[in-house]
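Note that the coordinates shown come from a computational prediction; the quantities given were computed from them, not determined experimentally. In what follows, chains carry the letters A, B, and so on, assigned in the order in which the sequence lines appear, proteins first and then strands, with residues in each chain numbered from 1.
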Protein chains: 2
Amino acid sequence: MNRPAGAPVTIGAMERSSTTPGGSARREATRQKLYEAAVTLIAEQGFSATTVDEIAERAGVAKGTVYYNFASKSVLFEELLRHGVGLLTASLREAAERTALEGGSKVDALDAMVRAGLVFIDRYPAFTQLYVAELWRTNRAWQSTLMVVRQQAVAVVEDVLREGVAAGEFSEEIDVPLTAAALVGMVLVAALDWKSFQPERSLDDVHAALSRLLQGRVSGRG
Amino acid sequence: MNRPAGAPVTIGAMERSSTTPGGSARREATRQKLYEAAVTLIAEQGFSATTVDEIAERAGVAKGTVYYNFASKSVLFEELLRHGVGLLTASLREAAERTALEGGSKVDALDAMVRAGLVFIDRYPAFTQLYVAELWRTNRAWQSTLMVVRQQAVAVVEDVLREGVAAGEFSEEIDVPLTAAALVGMVLVAALDWKSFQPERSLDDVHAALSRLLQGRVSGRG
DNA sequence: ACTTTTGGACTGACCAGTCAGTTCAAAAGA
DNA sequence: TCTTTTGAACTGACTGGTCAGTCCAAAAGT
């Protein structure tokens, strides 16, 4: 059975993955189903504990199809990573640019990126979880893929920080890479906790709390 | 070494680590070796990808010994988690109390806890990595252990925040649980990035950068 | 016509957990 | 003092099961 027309696809929507130049529409749809199945299972159980048979079954596809579309289990996973982080960076960059066009400050840009990050995690919690679980591992096959992909995402934040320093909006003494990592961590962990332990809260609510922290409006009475 | 003659196997559970009521010194040493071997391997490869044979080999012990000391691979892992987080929470609490005794403000207490967190991660990077990788997973055997252990750690931060609000030092509008999670995330991710990508930097250096962020000294020149 | 998917049997490696047997230092006995 | 016994701790070969990856002829889709 095919997916109903127009039904949204999990990590999908990004056309023409760089890894697959000449895929037919049908093939692309199968890949999407496999991504969708794999992302949840791996987020729940981890890569090694997830079997190819499970992925195929959840995707409603034969095992042979998995190997027709991906060279191996690891390759499937790597392409999933690239795909997901591509979406995230695009979204972050877009948020920063939009703020710039509207004449906002760099703090506004950071705030917009915090929100973009929350929106992403809200939409793809399983992907985020899986990404965090793998990011700092060593000795794994997809190590280099992860490094590249991490740098892409963090670089967007670093760029905004550097621009803020250049424009005199941020102190020249801030440590750009480390501050960027800390900001990403702040959003990542707060959002994962939100999704895991207080999923009923609204995005606006969470965003407001993080904004306050970001803008140093923590000290002093209300 | 066998138990000394007549040494009482006290029923009162105040003695020894909670996980090992009546461990001999030899046994305790073996367990320690197994923890050390397991923590690195699992941090590098993940739980499922790490075999019991590997753990035994790295610990310099026969496979049977693993099962003599722990009921299963999962149980070994759970006790490892409890052990590690116990160390962390003790350290965080100690930092907060020390600051309080010295008459520091609540921001000082947070700052001291940030440093304690960094010291911990500096000393046990593998444990931290493994912890982060497992924390938000669902459907796993040690799920409940993780929840308990997470709450212990975050609660220390939450307590300081609440005290700060009560004392009028922090705004009454801050969202305590979420802000605590965000602060933990800030330190966690910054520290893991430090260890993974710039391990040559000093702890003081990293701490200074995070302090600046914590105290909102990011905006403005110099 | 050509591409993609199916289904499911098969292989070979790998691995968690078991268990009969070994080790050895301290306790008991002589 | 010397010998024997005890049993906790440890060993490692073995078992039963699992899983990634292969193969391929037939069917379905475009």
Gap between atoms CD and P, on Glu57(B) and dT11(D) respectively (whole Å):
13 Å
Any pair counted as salt bridge (Lys or Arg N to Asp or Glu O under 4.0 Å), so long as it reaches residues 88-97 of chain B, sequence neighbours left out
Glu94(B)-Arg98(B)
In whole Å, I'd like the distance from the CG atom of Leu34(A) to the C1' atom of dT6(C).
14 Å
What residues form a salt bridge (charged side-chain N to carboxylate O under 4.0 Å, His left out) with Arg162(B), not counting sequence neighbours?
Glu158(B), Asp159(B)
With a 4.0 Å limit, can you tell me whether Thr65(B) has a side-chain N or O closer than that to the phosphate oxygens OP1/OP2 of dT11(D)?
yes
Just call it for Val61(A): base, sugar-phosphate, or nothing, with non-hydrogen atoms closer than 4.0 Å on any strand.
sugar-phosphate
Which nucleotide in the set dT5(C), dG12(D), dT6(C) lies at the smallest distance from any side-chain heavy atom of Ala62(A)?
dT6(C)
Without decimals, in angstroms, what is the distance between Arg27(B) CZ and dA25(C) C1'?
17 Å
Every protein N/O lying under 3.5 Å from an N/O of nucleotides 17-20 of chain D:
| unit_1 | atom_1 | unit_2 | atom_2 | d |
| --- | --- | --- | --- | --- |
| dA20(D) | OP1 | Thr50(A) | O | 3.4 |
| dA20(D) | OP1 | Lys73(A) | NZ | 3.2 |
| dA20(D) | OP2 | Val52(A) | N | 3.1 |
| dA20(D) | N7 | Lys63(A) | NZ | 3.4 |

Please enumerate all residues that pass side-chain hydrogen bond (donor to acceptor under 3.5 Å, both in side chains) together with Asp205(B), with sequence neighbours excluded.
Arg201(B)
Looking at Glu36(B) and Lys33(B), is any side-chain nitrogen of the basic one under 4.0 Å from a carboxylate oxygen of the acidic one?
no
My understanding is that only residues two or more places apart in sequence, or in another chain, count here; which of them pass side-chain hydrogen bond (donor to acceptor under 3.5 Å, both in side chains) with Asp193(A)?
Trp136(B), Arg150(B)
Can you see if the side chain of Thr30(A) gets near the phosphate of dT5(C) - specifically, an N or O under 4.0 Å from OP1 or OP2?
yes
For atom CG of Asn69(A) and atom P of dG21(D), their distance in whole Å:
15 Å
Separation of atom CZ in Arg26(A) from atom P in dA27(D), rounded to whole Å
15 Å
Spacing of Tyr68(B) atom OH relative to dT23(C) atom C1', expressed in whole Å:
13 Å
Can you pull out every salt bridge (Lys or Arg N to Asp or Glu O under 4.0 Å) where at least one residue sits in residues 117-132 of chain B? Sequence neighbours excluded, please.
Asp122(B)-Lys195(B)
